[in-house]
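Predicted model, so just to flag it, every value in this text is computed and none were measured.
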Amino acid sequence: QEWDREAQNGFVSTSVSMALTIASQTDKTLMTCIADWYGEGEAATERKEEIVKTIGEHPSYPPHAVLLAMIQDECGQFPSR
């Protein structure tokens, strides 16, 4: 099922916010990396487009798994407890 652009952007924003929240409680360096990677303003808009495009290129994987892989490729693994 194809989501409209507003829903896609909402999913990405919410998911990145959740990743930042988790990282803020486990690894401040990871949190900073995610924030820098995602960016603000126009940079965040461009990053959202890249994320949505990448998710679309991997339809056999859940969208959240693709986004997590992108974050971890850039910033490293979340620490295990």
Quick one: [atom1] on [X] to [atom2] on [Y], what's the gap to the nearest 0.5 Å?
{"X": "H64", "Y": "I55", "atom1": "NE2", "atom2": "CD1", "result": "10.5 Å"}
{"X": "K28", "Y": "T32", "atom1": "NZ", "atom2": "OG1", "result": "8.5 Å"}
{"X": "T54", "Y": "M70", "atom1": "OG1", "atom2": "CE", "result": "3.5 Å"}
{"X": "L30", "Y": "Q72", "atom1": "CG", "atom2": "CD", "result": "8.0 Å"}
{"X": "C33", "Y": "M31", "atom1": "SG", "atom2": "CE", "result": "11.0 Å"}
{"X": "Q25", "Y": "L20", "atom1": "CD", "atom2": "CG", "result": "11.5 Å"}

Looking at side-chain heavy atoms only, is the closest gap between [X] and [Y] below 4.5 Å?
{"X": "C75", "Y": "Y38", "result": "no"}
{"X": "F78", "Y": "D27", "result": "no"}
{"X": "S15", "Y": "I51", "result": "no"}

(message) For E42, is the CD atom crowded, meaning more than 12 foreign heavy atoms sit under 6.0 Å from it?
(response)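 Yes, the 6.0 Å shell around CD holds more than 12 heavy atoms from other groups.
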(message) Quick check on E57: does its CD atom have over 12 non-hydrogen neighbours (other residues, nucleotides or ligands) under 6.0 Å away?
(response)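 Yes, because the 6.0 Å sphere around CD of E57 holds more than 12 heavy atoms from other groups.
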(request) Under the side chain to side chain contact (heavy atoms under 4.5 Å, CB included) rule, what do R5 and V52 come out as? Steps first, then yes or no, please. (result) CA-CA 9 Å; R5 179 57 88 183; V52 169; 3.5 Å; yes
(message) Regarding E50 and K53, does a basic nitrogen lie under 4.0 Å from an acidic carboxylate oxygen?
(response)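 Looking at E50 and K53, the cut-off is not met.
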(request) Might you point out which heavy atoms bring T21 and S24 nearest each other, and give the distance in Å? (result)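 For T21 and S24, the tightest heavy-atom pair comes out as O-OG, 2.6 Å.
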(message) So does G39 get a backbone contact from the side chain of R47, meaning a donor-acceptor N/O pair under 3.5 Å?
(response)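 Answer holds: no.
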